[in-house]
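Here the structure is a predicted model, which means the values were calculated and not measured. All residue numbers refer to positions in the sequence shown, counting from 1.
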Amino acid sequence: METTELFVAGRRSGFLHLYERMGVAGAFGDNSPLRRVEAFRAPGVQEKQRGVSGRRPNMSLFEVGLHWPRPDREDILQAFARYTASCGARADIDHSIPVTGLIFVPVVAADEELAELSKFSFLRVLRPMPVLRTMHPIERSVIAPGFRASPLPDKPALDPSIRMAIFDGGLPSDGPMKAWAQGLDAEGIGPSIEAYADHGHMVTSAALFGSLKPGEPMQQPFSTVDHYRVLDAESDDPYLLYKTLGRIRDILEENTYDFVNLSLGPSLPIEDDEVHPWTAVLDEYLSHGQTLLTVAAGNNGAQDRQSGNSRVQVPSDCVNALTVGSADSDRLYWERAEYSAVGPGRSPGIVKPDVVTFGGAPYNPFHFTPKTSGGDALSACGTSFAAPAALRMAAGIRAHFGGHMTPLALKALLVHCAQRDDAPIEEAGWGRIPDKIEDFVVCQPNSVRVLYQGSIEPGQAVRMPIPLPESVDKGMVAISATYCINSPTDSRTPSTYTGSAIEPFFRPHAEKMSSDESTHAATQAFFQTGDYAPESELRIGAHKWETVKHKTIKKRASSLLRPVFDVRHLSRIDQLAGGGSDKVEYALVITITSPKDPDIYNKVVRTFSGRLEILQPQIDVPISIRP
């Protein structure tokens with residue numbers, strides 16, 4: 001069985017003393033945790049090197065990850081710079097990227113220097129510097145033949161107070177979308193390049209209008225967009241990956257955004273045993289739970305699965321972001337677009353992509369606004385456009401309900417309303433999200449939807465009633481539940497990457513106890529099943545540390561009486577470097593459906609009027625109510 005690896009630093013004398021004590025019978029007591037340690041080893045040179053043999057010819061730039069414990073940070077970094085120089089290589093400390101417990105440093109080295117370089121004690125991983133994925137061929141814009149775009153709307157954004165940022169290839173200041181989108185340049189950015197600007201235009205169009213429909217007017221945008229150009233003409237710069245991440249990090253640290261979209265990143269499928277700095281930096285920023293980030297899953301889904309080359313690309317493994325793949329249609333019948341990257345993700349975070357939405361297909365492309373007023377509509381396909389289209393739906397819900405719903409609650413609602421149908425979970429995640437606002441904000445017939453959101457302290461337990469009136473007592477009842485949390489992360493331990501979890505206990509019947517002495521109703525399994533996690537994951541307990549869970553169960557109405565979720569906050573952050581635990585934000589969405597009771601919504605409103613608040617629309621969003 002897999003287990004956790006611990007990296008331990010100490011003086012040689014300390015390790016020698018440990019070795020000597022282990023040879024003495026009875027040196028460690030029966031309760032000593034050392035009795036549970038299976039093996040010790042010093043990581044070897046080959047173990048530290050990743051992808052070195054298969055790299056591009058004449059490549060001399062590498063990415064080195066160093067263990068960076070707090071007390072000795074400066075000493076370690078200076079020692080590494082000196083040691084690198086002694087090997088004949090060069091460490092570029094100025095471009096390094098620090099994350100919790102680790103620091104990533106670009107290093108210029110020749111082949112014959114790698115083995116000696118890898119012997120540095122605090123070196124964890126050495127791999128070729130990945131390139132930045134900018135545009136896949138299917139993402140290049142083409143004129144949509146025979147498609148005449150409707151005129152742009154003459155109205156402002158529905159809710160100008162919503163703050164949305166897009167990081168991409170740029171946006172012309174005098175373009176046709178200037179009424180809703182502002183083009184900004186990251187500090188120190190070089191000249192723009194037309195192909196990147198085209199990509200930025202299409203990503204922004206998807207965020208404002210979604211995919212244009214022939215013969216249908218363009219919809220009024222839900223929000224405005226700040227489009228930051230983080231790509232320039234220096235596409236062959238070997239440090240482009242680190243420079244781009246630095247630009248994004250600086251902008252996010254200086255500005256507060258409700259929504260952010262990222263349709264670029266390293267051209268690198270995720271790995272199970274290492275976390276990339278792009279993922280680590282973004283997850284740390286998102287851990288406060290105040291921003292919803294959508295990430296394009298990648299367009300490598302048609303590559304070889306056995307090798308892992310079709311797997312979602314960095315930073316799609318962010319556990320605090322929403323990773324979006326592409327569906328080939330927005331109609332009733334759909335499949336994963338062939339190019340859309342697949343899962344599974346790393347555990348925790350095993351369900352990746354989180355969701356899919358229409359991103360276009362060669363035979364059914366995604367359509368965008370013209371680049372110039374009165375010009376021809378553009379078309380393309382790719383996960384780069386599915387991600388902002390999904391973010392647009394979240395902005396629409398936020399515009400409808402105002403600031404009552406947190407970004408984390410919007411993420412939970414997107415997952416909750418997704419429909420997977422027959423698509424495999426490793427291809428479609430939790431499913432395809434609807435492309436109509438009414439599917440999120442209007443309860444379906446015979447159903448009621450409830451949202452809980454807030455923060456919870458470590459060790460705290462909160463009771464969240466499932467609002468089922470006792471008068472609903474006939475037939476079957478379906479309970480669908482989705483929860484999301486933000487979590488602190490630790491990049492040093494991918495198998496225990498998330499530091500917090502929420503453990504829900506489902507108590508279906510208030511008067512059925514587990515024993516005569518019990519003071520609480522008996523629990524039944526709800527999320528703790530093998531629906532999407534293999535048995536090995538469940539056995540090592542990784543399942544409960546997921547940041548997103550979603551499940552639907554059906555029960556007889558007669559077996560339910562004042563059902564509840566008792567939710568407990570688990571934290572292992574005390575075991576990590578950096579101090580004590582903090583409270584985390586959470587969101588729980590519950591839908592109750594009773595086919596036998598068409599009046600269930602009104603019954604819930606009447607019965608729970610003193611405990612539940614009806615979310616009232618703050619802004620009228622155009623929706624169509626289906627009969």
Show the numbers, then the answer: is there a side chain to side chain contact (heavy atoms under 4.5 Å, CB included) between L240 and E234? CA-CA 8 Å; L240 179 62; E234 299 177 4; 5.9 Å; no

Check whether any side-chain heavy atom of L252 lies under 4.5 Å from a side-chain heavy atom of F167, and answer yes or no. yes

Is F368 close to L212 at the side-chain level, that is, under 4.5 Å between some pair of heavy atoms? no

Check the angle between the aromatic planes of W430 and H550 and answer parallel, tilted or perpendicular using the 30° and 60° thresholds. perpendicular

Nearest 0.5 angstrom please: T383 OG1 to N299 CG, how far? 4.0 Å

R346 side chain to I270 backbone, donor-acceptor under 3.5 Å: no

Counting only N and O atoms by type, is there a donor-acceptor contact under 3.5 Å from the side chain of K352 to the main-chain atoms of C318? yes

Looking only at heavy atoms, what is the nearest atom pair of K411 and A321, with distance? NZ-O, 3.3 Å

S150 meets the side-chain hydrogen bond (donor to acceptor under 3.5 Å, both in side chains) criterion, sequence neighbours left out, with none

Applying side chain to side chain contact (heavy atoms under 4.5 Å, CB included) to M177 and F209, what does each step give before you reach the verdict? CA-CA 10 Å; M177 297 182 291; F209 306 108; 4.1 Å; yes

For the side chain of T357 and the backbone of A386, is there at least one donor-acceptor N/O pair under 3.5 Å apart? no

Spell out, as yes or no, whether a donor-acceptor pair under 3.5 Å connects the side chain of N300 to the backbone of Q303. no

Taking it one step at a time, do F440 and H400 satisfy side chain to side chain contact (heavy atoms under 4.5 Å, CB included)? CA-CA 10 Å; F440 298 99; H400 186 62; over 6 Å; no

So do F527 and E546 actually touch side chain to side chain, heavy atoms under 4.5 Å? no

Distance-minimising heavy-atom pair for S316 and V295: OG-CG1, 3.9 Å

Could you check if a side-chain atom of I97 sits within less than 4.5 angstrom of a side-chain atom of R249, using non-hydrogen atoms only? yes

Keeping the roles fixed (side chain from Q220, backbone from P156), state whether a donor-acceptor pair exists under 3.5 Å. yes

Identify which one of R311, R432, R420, R305 satisfies the salt bridge (charged side-chain N to carboxylate O under 4.0 Å, His left out) criterion when paired with E427. R305

D330 vs K213, salt bridge (charged side-chain N to carboxylate O under 4.0 Å, His left out): CA-CA, chis, key distance, verdict: CA-CA 11 Å; D330 55 359; K213 305 289 193 301; 3.5 Å; yes

Measuring from L158:CG to S161:OG, what's the distance to the nearest 0.5 Å? 11.0 Å

Over 12 foreign heavy atoms within 6.0 Å of CD, E335: no

Rounded distance (nearest 0.5 Å) linking atom CG of D354 with atom OG1 of T547: 7.5 Å

Testing the basics here: between P277 and Y242, what is the closest heavy-atom pair and its distance to 0.1 Å? CG-OH, 4.1 Å

Taking N320 for the side chain and D283 for the main chain, is one N or O donor matched with an acceptor at less than 3.5 Å? yes

CZ on R392 to OG1 on T294, rounded to 0.5 Å: 13.0 Å

Would you find a donor on one side and an acceptor on the other, under 3.5 Å apart, between the side chain of H201 and the backbone of T369? yes

Any chance you could lay out the salt bridge (charged side-chain N to carboxylate O under 4.0 Å, His left out) test for D232 and K243, step after step, and finish with the verdict? CA-CA 11 Å; D232 55 26; K243 287 182 178 178; over 6 Å; no

Mutual orientation of the aromatic rings belonging to F104 and H276 [parallel < 30°, tilted 30-60°, perpendicular > 60°]: parallel

Side chains of R163 and S223 in contact at under 4.5 Å (non-hydrogen atoms): no

Please examine the side chains of V450 and Y452, heavy atoms only from C-beta on, and report whether any two atoms are closer than 4.5 Å. yes

In short, N255 meets Y257 closest at the heavy-atom pair CB-CE1, 3.4 Å

If every non-hydrogen atom of S384 is compared with every non-hydrogen atom of S263, which pair is closest and at what distance? O-OG, 2.8 Å

Could you pull out the closest heavy-atom pair between P153 and M218, with the gap in Å? CD-CB, 3.8 Å

Do other residues, nucleotides or ligands put more than 12 heavy atoms under 6.0 Å from Y239 OH? yes

May I ask you to decide if E338's main-chain N or O and R336's side chain share a donor-acceptor pair within less than 3.5 Å? yes

Kindly indicate, with the supporting measurements, whether the criterion side-chain hydrogen bond (donor to acceptor under 3.5 Å, both in side chains) is fulfilled by Y497 and D317. CA-CA 11 Å; Y497 181 57; D317 51 338; over 6 Å; no

First locate atom CG of L282, then atom CG of L262, and finally report the distance between them rounded to the nearest 0.5 Å. 6.5 Å

One pair to check against side-chain hydrogen bond (donor to acceptor under 3.5 Å, both in side chains): S480 and T552. What are the steps and the verdict? CA-CA 4 Å; S480 180; T552 300; 3.0 Å; yes

Given H416 and T591, is the side chain to side chain contact (heavy atoms under 4.5 Å, CB included) satisfied, shown in steps? CA-CA 9 Å; H416 188 79; T591 295; 2.7 Å; yes

Report yes or no: does R247 contribute a side-chain atom to a donor-acceptor pair with the main-chain N or O of V230 at less than 3.5 Å? yes

Examine distances only and state if a side-chain atom of R133 and a backbone atom of V314 form a donor-acceptor pair shorter than 3.5 Å. yes

Separation between OH of Y228 and CD1 of I248, rounded to the nearest 0.5 Å: 12.0 Å

Would you check if the distance from the ring center of H199 to the ring center of F385 is below 6.0 Å? yes

Flag side-chain contact, heavy atom, 4.5 Å: L391 against I166: no

Can you confirm whether V356 sits close enough to W334 that some side-chain heavy atom of one is under 4.5 Å from a side-chain heavy atom of the other? yes

